[in-house]
Amino acid sequence: MVLLLLTAAAGFTSQPAISEDLFEDIGASAQIAITRICQPLQFFKSSQAYRACLLQQLKNINPSAEPFFRQLASLNAEQGTAQNTAASTSSAQTQTTAPSESNAATTTEPATLPAQPSQLEPSSTPNPNTTNDLAKLSTTVSEAIAPWLEKIPGKPLSLVLLPLALLILLLTAIALRLRRKASARKRVKIAEAKATFQLRPDPAGKPAKPNTGTATRATGTSHQESPNQPRHPHDNTETTNDTGVSTGVSTGASKGVIASAEAETVAVANTTTPSQNQVSESELAIFETSRHGFENWLSSATPQRRREMCSELFILTMAYTDNRFDPELKKRIFKTKERDANTLIKRWAFKHDSQALAYAIRVFQTDTNKDQRSQFIDLLMALLVTEKALTPVQNNFLRFLSDAFGMGREQLERQYLRAFGEQMPSMPRPDKLTWWEPIDEETLFRWDAQSVALQPTKIRYLVLLGLPLQGKLDQESMLANYRRAVGRCHRERVNQLGEFEQELLTTRRKQFELARDALMEITA
Amino acid sequence: MRNYFKALNISSAAKREEIAHALRPNSDVTHSLSEKHLSDAQEILMHDKRRQVYTNNVNFFQTLHEAKHCLATPFAVDTHQWDYRLEEFDCSEHESHANLSDVEPNSDVEIPKQL
């Protein structure tokens with residue numbers, strides 16, 4: 001059906017700028033014949049361009065037809081122009097060989113072609129032989145055209161099916177939208193349920209619920225959250241102790257909260273961090289004793305993987321420097337004996353390893369092009385920056401990277417404006433009291449990701465979408481902010497990067513969708 | 001940006017009491033700050049939330065100071081005068097600026113045998 005629609009649409013829009021010389025050459029009789037053959041196409045009958053197109057197409061599809069037109073033109077030139085009556089005779093014969101649509105349209109011909117006979121008035125008496133020749137030629141021509149007529153877009157059948165196809169498409173779109181809404185509601189309910197009830201980990205050490213972002217895994221004698229397992233950003237009440245026994249619902253104390261501030265952003269990276277299967281055992285060795293450990297660790301990695309690891313280091317560094325992590329996670333990362341890539345990168349990020357950061361910058365300077373570096377800045381903004389909450393660290397980090405990436409201040413600020421619809425705040429000066437004066441308590445709260453992570457769902461979603469925390473929630477503002485946030489998460493915005501970065505955006509987008517759905521229900 | 005921690009000769013992980021001690025009048029270290037800067041330091045460092053934000057930036061600037069050589073490559077530009085902004089954040093004579101006081105690094109990690 002879609003194909004049919006596309007074909008019809010192509011037919012309607014394919015009136016080309018084709019020369020009509022060929023049509024003019026063939027003589028009045030053949031013009032009438034062609035016109036009559038095209039009779040079923042009521043809406044095209046007066047279009048010279050269409051007839052020219054028809055002939056051109058005929059030439060392309062059936063090259064043997066063109067000589068008939070040439071011969072017809074030659075006859076016209078030698079024996080005079082054919083009479084209108086001869087043309088009518090030939091076209092009448094044409095009707096017998098034309099497709100059924102042509103026959104059906106014959107009755108309307110006088111009304112639909114009123115001007116043709118007068119325009120093609122002959123200047124001499126018709127020659128019977130010529131008339132017969134014309135009749136034969138027209139028949140032949142019609143036979144040549146007939147197969148192509150089957151392919152003509154906009155045939156009556158198409159016209160009948162077009163509204164039907166549109167109707168079916170409309171119904172399908174509505175059904176998909178309803179299904180998507182239902183699915184979103186279900187996700188919200190699941191998220192709420194997870195926030196209330198503790199999932200008990202599998203004693204065997206396997207994820208309690210694979211691929212849900214709530215998995216926990218035993219490591220040695222302790223039960224720890226696996227850094228390689230995706231974690232749902234709102235599973236902030238899931239806690240386990242060192243014996244692997246679920247401790248139930250968190251009381252809200254920072255110690256028990258796993259999701260934490262990191263969940264809002266950095267957990268995004270966890271979902272698609274390359275798994276251990278992608279990293280050899282030697283790559284997983286600890287390089288902590290080396291000043292250039294990160295560089296050494298990645299020395300044997302492929303360029304793509306190296307870039308991905310550097311991307312993750314940037315993301316984690318930007319997040320952790322702002323304390324966007326669970327304090328318990330930090331302890332576990334330095335306590336665990338795990339040596340997977342995710343754990344190692346977290347360590348480098350927690351340690352503010354300047355050499356690792358410098359190496360990551362060098363990798364981007366040498367292994368990426370200008371577009372990729374620009375898109376990575378977009379990625380950082382989309383993943384870590386929330387509206388009305390660009391922290392001083394984020395501001396500085398973006399500015400430093402923009403310079404290191406060769407973009408500079410102006411391009412960065414343009415990209416920020418495009419992403420958030422407002423000017424990027426000037427370079428922060430948190431060492432000056434005057435700089436702090438316009439910073440209110442709400443802004444300080446938005447910057448404090450760990451405090452935000454401890455808030456009820458609604459507050460976290462309001463912060464996520466940059467909405468006012470007090471007063472009645474304006475649905476229009478919410479949707480506007482949501483659209484802007486989702487706009488930052490289009491995979492196309494990082495299409496010069498890789499699947500890894502695109503998946504990060506997709507996961508981030510889902511967080512915004514979850515927030516929108518939840519807030520929609522609140523405002524409904 | 002001014003590095004008050006360095007001027008006061010205290011760690012960026014210093015507790016409130018330690019900061020207050022360093023900021024007290026006639027302290028041995030406050031002479032390195034002008035009256036204006038000392039006033040600002042008191043208002044910022046003695047305010048818990050401001051101090052947290054400020055400390056995050058100090059730690060980050062220390063990291064950037066060590067990584068700023070990346071700006072000396074032909075790929076890079078310097079539209080923010082980083083040398084000027086980072087001049088007070090050289091911590092090469094100090095230990096790591098990362099606050100790892102709350103963690104106990106695992107000592108028995110493997111030393112890599114293969115790079």
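For clarity, every value in this text was computed on a predicted model and none was experimentally measured. Letters go in sequence order (proteins before strands), and every chain restarts at 1.
- A/Y359 does not touch chain B: none of its heavy atoms, backbone or side chain, sits under 4.5 Å away.
- By a heavy-atom distance cut of under 4.5 Å, A/A404, A/F405, A/G406, A/M407, A/G408, A/R409 are the residues of residues 404-414 of chain A near chain B, going up by number.
- A distance of 11.0 Å separates CG of B/D48 from CG of A/D448, quoted to the nearest 0.5 Å.
- Contact check for B/K49 versus A/E441: side-chain heavy atoms found under the 4.5 Å cut-off.
- Taking CG from B/L86 and CZ from A/F400, the interatomic distance works out to 7.0 Å, rounded to the nearest 0.5 Å.
- Contact count against chain B (heavy-atom pairs under 4.5 Å) is highest for A/N396 among A/T366, A/N396, A/L444.
- Using a 4.5 Å cut-off between heavy atoms, B/L64 contacts chain A through both its backbone and its side chain.
- Checking side-chain atoms of B/Y4 against main-chain N and O of A/D431 turns up a donor-acceptor pair under 3.5 Å.
- For the side chain to side chain contact (heavy atoms under 4.5 Å, CB included) with A/L433, the lone residue among B/H47, B/H37, B/R50 that qualifies is B/R50.
- Enclosure of atom CD in A/E437 by more than 12 non-hydrogen atoms of other residues, nucleotides or ligands within 6.0 angstrom is indicated.
- Between chain A and the residues B/L71, B/L45, B/T55, the largest count of heavy-atom pairs under 4.5 Å involves B/L71.
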- Message: Does A/M427 form a side-chain contact (heavy atoms from CB on, under 4.5 Å) with B/R85? I'd like the steps, not just the answer.
- Response: CA-CA 11 Å; A/M427 202 157 186; B/R85 296 182 188 278; 3.2 Å; yes

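- Taking the side chain as every heavy atom from C-beta outward, B/T63 and A/L357 approach each other to under 4.5 Å.
- Contact between B/A67 and A/S354 at its shortest, heavy atoms only, is CB-O, 3.9 Å.
- By the 6.0 Å contact criterion, NE2 on B/H69 is enclosed, its count of non-hydrogen atoms from other residues, nucleotides or ligands being greater than 12.
- The minimum heavy-atom distance between B/V53 and A/P392, with the atom names listed, is CG1-CG, 3.6 Å.
- Atom-to-atom distance recorded for B/F60:CZ and A/D322:CG is 9.0 Å, nearest 0.5 angstrom.
- Counting heavy-atom pairs under 4.5 Å between each of A/E295, A/R399, A/R429 and chain B puts A/R399 at the top.
- Within the model, atoms CG of A/N323 and CD of B/Q52 stand 4.5 Å from one another, a figure rounded to the nearest 0.5 Å.
- The closest side-chain heavy-atom distance from B/D40 to A/W436 is not below 4.5 Å.
- A distance of 10.5 Å separates CH2 of A/W447 from CG of B/N56, quoted to the nearest 0.5 Å.
- The closest side-chain donor-acceptor pair between B/H80 and A/D403 falls under 3.5 angstrom.
- Looking at A/Q365, its side chain does come within 3.5 Å of a backbone N or O of B/C70 through a donor-acceptor pair.
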